[in-house]
Amino acid sequence: MKVWAVFLMLYTASALVVIDSALASSCLYYFKEFDWGCGGTGQGHKMYMCRCFNVDWLGSVSNCMATQGKNQKEVTHAWKHLRTRCLQKAHVDYSVAQIEGWSTNASKYLQAPTAADKKKLVTHPLSVNSTNYAVYRRSFNEINHHVFKSQWFGWGLVLYCGAVIAIFTVLNFFKRVLKVSVVPRSLSTLFLKYMMPDIKVPGFTPFTRFDLLLMVLFTIQAVISTAVSYTVQLPNMYMKGRWFLTMDLIGYRSGIIAFSLMPVVYIFGLRNNPFCFLTGLPQTTFITYHKFVAIIMAIEAMIHTSVWTAYAIKAGPYSVWSADAYWNWGIVGTVLVYIMLFQSIGFIRNFMYELFLAIHKIFGWLFIVLMWYHCISLGWMGWVYSIIAITVYDRIIRCWKIFALNRGFTRVKFNFISENTLAITIPKSDVYDSVYKPGHHLYLNFFHTSIWYKCFQSHPFSVVSSPIQSQDEVTVYMRVKKGVSKCLSKIPTDEKGNFEVWLLIEGPYGHSVQTFNEKESLVGMAGGLGLCSLLPTFYRNPKNSILFWAINKIDDLEALHMELDYLIAQGTDVRVFLKRSDCDESSSFAEEKYKYLSVSNSRPDVNSWVEEAHALASAMGKTDLHILTCGPGLMDSDISASVYQHMSLKDDLAIHFCPKNYMW
Ligand SMILES: Cc1cc2nc3c(=O)[nH]c(=O)nc-3n(C[C@H](O)[C@H](O)[C@H](O)COP(=O)(O)OP(=O)(O)OC[C@H]3O[C@@H](n4cnc5c(N)ncnc54)[C@H](O)[C@@H]3O)c2cc1C
Ligand SMILES: *[C@@H]1O[C@H](CO)[C@@H](O)[C@H](O)[C@H]1NC(C)=O
Ligand SMILES: *[C@@H]1O[C@H](CO)[C@@H](O)[C@H](O)[C@H]1NC(C)=O
């Protein structure tokens, strides 16, 4: 019996919220003004402990619901609300049939309420004075309507994101599947030239002007959604004072909007974000949106929390409010969101990337738990279920990719191809060729006794499926940095410079490479190992394309020259630029060995690369020039500045700038 009651309490928990049933709330509020011998007109536990055992009160309230309801459905729902109220606040479980019985019984004893009934103990059931009751009903109808509207304002913001994604999806479908451009050429050039350049905001990964525009529009909609349409009139019998009423309404509005944004924040941050596939946008872009929507959500959550805190302090005593569990879970939730935002700021994140990632994930799960307890007694659980579903979905897909597509634990050979570069040779799984396309990347977890504590880290790398190497394996080139890559580089090697590590491989991710036609020209500009991200595109389109590659160490060229030789044989014009370091004598030998290598004392001038690419493509009468880049941030931004400068409306040649340096 007790278990059942608890279950029922959870199941119908939302009855605690005033908006569950306007009919029930208006009857309860109308009758609380009379003297039932409980010594007050409050709505707390103490009052219900008394009222729920007063048969006259039970009769009056249930009869009010029966007579004022529009139809039987509304009446029954109101009776259920009454049941939950007595269960939650007075711990007594009446059945709906019992409540109906009191209602019928009371109709035999009803007396019209008088002013005296408010001061003197009432010992019989009261009927409803419809003149006086009307304002109660209007009050709760309006509160309900406000909450209903807030829900739609929340949906409005979700729909905004949906609409943006739908438009991108359609454009992507035309571009990738039908291979036609629906946007007129001049318009598309205008868009590329003025909307695609990057904006750099400290703490953020660079995003485009178009992203900024989308975010500004979203912000405007969020502000409007939060600020307009407060139409509840005074007097309101739920909240008598204007101040309290306003606070209450703002609290509802901001809370519901914050809630509606939760699934958007979660889905945009997923590794297996389905919208990446649909829209053709890189995950970097969605991570930017993820951060941005999270900021808006955090602001709404802060408004919600502040408003209710101010309310509780003024209504006092605060301890009465904070006694409820949902109250405290809510506050912890808001604090958690701000901690997460704070540690996501660029320099903090990059300072301790792996720690950031671990904390971010754990807090993300913790947040779900907090919101569960925040809402279990209030309602709106649908939004909480949605983020649980999103999180579980991602985990399932990840496990499926690791264990089904990439056969789980795999022992893999590592070898040094230069002092700071490791080549990881991964044997293909049975389904590799049917699921991986050139251009995809994968994530690796490393298992080795010396770095066992890093086995939870999952790092992204580009796959190079070289046409000149064994077709049964693929290669990942890994630059040694400060984290797990550094630890791997310290593992003792055998005499040939090899060692073996168990891996969990997760993939494929990202987008496959494009194929270009006769009228399109491909130019690549890579720095260091960024070349690996461009190679798949060049294997696909080697003919008449140009590849510029800037390196700091001749080792990089030694390691990858076979790939370049292959491309040259297929018709690619390869140019490699090495910056001479002071103590480097081998470079002049190298210049003789590799005809396409030029060594100089300064960094190559990327502007001249762009100029040359543009001039050549124009001379050859091409319609489109695709410039792919992947290098260190500074190099990429120099190239992009130059590319956007070269874009012109008058030009017959359309330039497309595709940075492949996906950092987030
Ligand atoms: C799509 C994609 C493809 C990549 N391809 C290659 C490649 O082919 N070869 C290569 O050498 N590198 C590649 N990288 C970069 C590579 O993921 C990082 O260099 C590697 O994770 C660094 O590990 P670390 O622990 O030694 O780094 P740390 O020294 O701890 O961190 C260096 C930087 O690497 C980035 N980083 C670290 N961990 C992660 C992670 N789990 N997820 C995303 N970024 C992270 C962060 O920006 C961090 O600031 C690629 C990155 C992406 C996003
Ligand atoms: C019927 O209502 C009257 C008045 O409220 C009350 O005294 C009586 O106990 C009720 N009878 C039953 C069976 O509930
Ligand atoms: C309802 O209450 C008002 C004012 O309290 C009173 O004037 C009116 O007569 C009452 N109506 C009925 C039907 O009792």
Side-chain angles (χ1 to χ4, degrees), residues 33 36 54-63 94 98-118 122-135 205 271 276 282-284 287 346-358 360-361 417-418 420-424 439-446 451 454 456-464 474-490 506-511 526 528-536 556 560 630 632-633 659-664:
E33 305 295 337
W36 302 102
N54 182 333
V55 73
D56 298 322
W57 178 81
L58 286 166
S60 312
V61 172
S62 56
N63 192 263
Y94 297 130
Q98 261 173 305
I99 294 173
E100 185 173 6
W102 283 313
S103 167
T104 329
N105 174 46
S107 54
K108 289 181 250 157
Y109 303 92
L110 283 180
Q111 290 182 26
T114 63
D117 290 337
K118 299 200 174 169
V122 181
T123 52
H124 50 80
L126 294 176
S127 65
V128 172
N129 176 319
S130 42
T131 328
N132 296 344
Y133 171 78
V135 60
T205 316
R271 185 173 282 185
C276 280
Q283 200 183 354
T284 332
I287 301 266
F347 62 91
I348 297 180
R349 183 180 70 232
N350 286 335
F351 177 66
M352 37 162 209
Y353 192 87
E354 282 307 329
L355 187 64
F356 152 78
L357 210 59
H360 202 68
K361 275 186 199 142
I417 54 169
S418 74
N420 63 351
T421 314
L422 282 160
I424 310 173
H440 281 154
H441 61 268
L442 43 68
Y443 287 79
L444 298 179
N445 286 65
F446 308 94
I451 50 163
K454 299 214 174 213
F456 291 109
Q457 299 188 8
S458 175
H459 291 263
F461 294 97
S462 312
V463 199
V464 180
V474 290
T475 314
V476 161
Y477 294 95
M478 176 191 209
R479 182 70 92 207
V480 175
K481 296 214 177 118
K482 293 197 296 288
V484 73
S485 51
K486 179 116 197 167
C487 300
L488 284 166
S489 73
K490 298 233 168 84
E506 188 187 329
Y509 285 98
H511 301 291
L529 272 199
L531 181 71
C532 295
S533 299
L534 303 191
L535 282 176
D556 283 347
L560 289 162
C630 185
K660 296 272 173 194
N661 189 356
Y662 300 138
M663 291 312 253
W664 47 74

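These numbers come from a predicted model, not from an experiment. Only heavy atoms go into these numbers, but all of them, side chains included; no hydrogens, no water, no symmetry mates. Indexing begins at 1, ligand by ligand and atom by atom, following the structure's order.
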Measure from [atom] to every heavy atom in [options] and give the option owning the shortest one.
atom                    : options          : value
atom 45 (C) of ligand 1 : F347, Y353, Y509 : Y353
atom 2 (O) of ligand 2  : V122, L110, N105 : N105
atom 11 (O) of ligand 1 : R479, M352, E354 : R479
atom 10 (C) of ligand 1 : Y477, F356, F351 : Y477
atom 7 (O) of ligand 2  : V55, N54, L126   : V55
atom 5 (N) of ligand 1  : S458, G346, S462 : S462
atom 2 (C) of ligand 1  : G510, C630, P460 : P460

### Message
Within the 4.0 Å heavy-atom shell around D56, which atoms of ligand 2 are there?
### Response
4 (C), 5 (O)
### Task
With heavy atoms of P125 as the reference, note each atom of ligand 2 found under 4.0 Å away.
4 (C), 5 (O)
Polar contact flag for [X] and ligand 1 (N/O pairs, less than 3.5 Å):
X    : value
Q457 : no
K486 : no
G483 : yes
Y443 : no
C532 : no

Counting from 1, what ligand 1 atoms have a heavy atom of [X] closer than 4.0 Å?
X    : result
K482 : 26 (O), 29 (O)
S485 : 24 (P), 26 (O)
M478 : 11 (O)

### Message
Walk me through whether V122 and D56 qualify under side-chain contact (heavy atoms from CB on, under 4.5 Å).
### Response
CA-CA 8 Å; V122 181; D56 298 322; 5.6 Å; no
### Message
Would you say atom 13 (C) of ligand 3 makes contact with the protein, given that contact here means a non-hydrogen protein atom less than 4.0 Å away?
### Response
no
### Query
What do you think, any protein heavy atom under 4.0 angstrom from atom 5 (O) of ligand 3?
yes
Check whether any side-chain heavy atom of [X] sits under 4.5 Å from a side-chain heavy atom of [Y], and report yes or no.
X    : Y    : answer
L444 : M478 : no
R479 : D556 : yes
P659 : C630 : no

### Message
Please determine whether side-chain contact (heavy atoms from CB on, under 4.5 Å) holds for the pair V484 and E354, giving the CA-CA distance in whole Å, both sets of side-chain angles, and the decisive distance to 0.1 Å.
### Response
CA-CA 9 Å; V484 73; E354 282 307 329; over 6 Å; no
### Task
Starting from the C-alpha separation in whole Å, work towards a yes-or-no answer on side-chain contact (heavy atoms from CB on, under 4.5 Å) for D117 and T114.
CA-CA 5 Å; D117 290 337; T114 63; 3.4 Å; yes
Side chain, backbone, both or neither: the part of [X] lying under 4.0 Å from ligand 1 by heavy atom:
X    : result
H441 : side chain
R349 : neither
S533 : neither

### Query
Does NZ in K361 sit with more than 12 non-hydrogen atoms of other residues, nucleotides or ligands closer than 6.0 Å?
yes
### Task
Begin from the C-alpha positions of W36 and S60 and carry the test side-chain contact (heavy atoms from CB on, under 4.5 Å) through to its verdict.
CA-CA 11 Å; W36 302 102; S60 312; 3.3 Å; yes
### Message
Treating T104 as the side-chain partner and E100 as the backbone partner, does any N or O pair qualify as donor plus acceptor under 3.5 Å?
### Response
yes
### Task
Return yes if some donor-acceptor pair links the side-chain N/O of T421 with the main-chain N/O of I417 below 3.5 Å, else return no.
no
### Query
Taking only heavy atoms of N129, which atoms of ligand 3 are found under 4.0 Å from at least one of them?
1 (C), 2 (O), 3 (C), 8 (C), 10 (C), 11 (N), 12 (C), 14 (O)
### Task
Kindly assign one of parallel, tilted or perpendicular to the pair Y443 and Y509, based on the angle between their ring planes and the thresholds 30° and 60°.
perpendicular
### Message
My understanding is that only one of I424, V464, L422 makes a side-chain contact (heavy atoms from CB on, under 4.5 Å) with V476; could you say which?
### Response
I424
### Query
Can you find an N/O atom of T131 closer than 3.5 Å to an N/O atom of ligand 3?
no
### Query
What's the shortest heavy-atom distance between C276 and P282, and which atoms?
SG-C, 4.3 Å
### Message
Check this for me: does any side-chain nitrogen of one of R271 and E506 sit under 4.0 Å from a carboxylate oxygen of the other?
### Response
yes
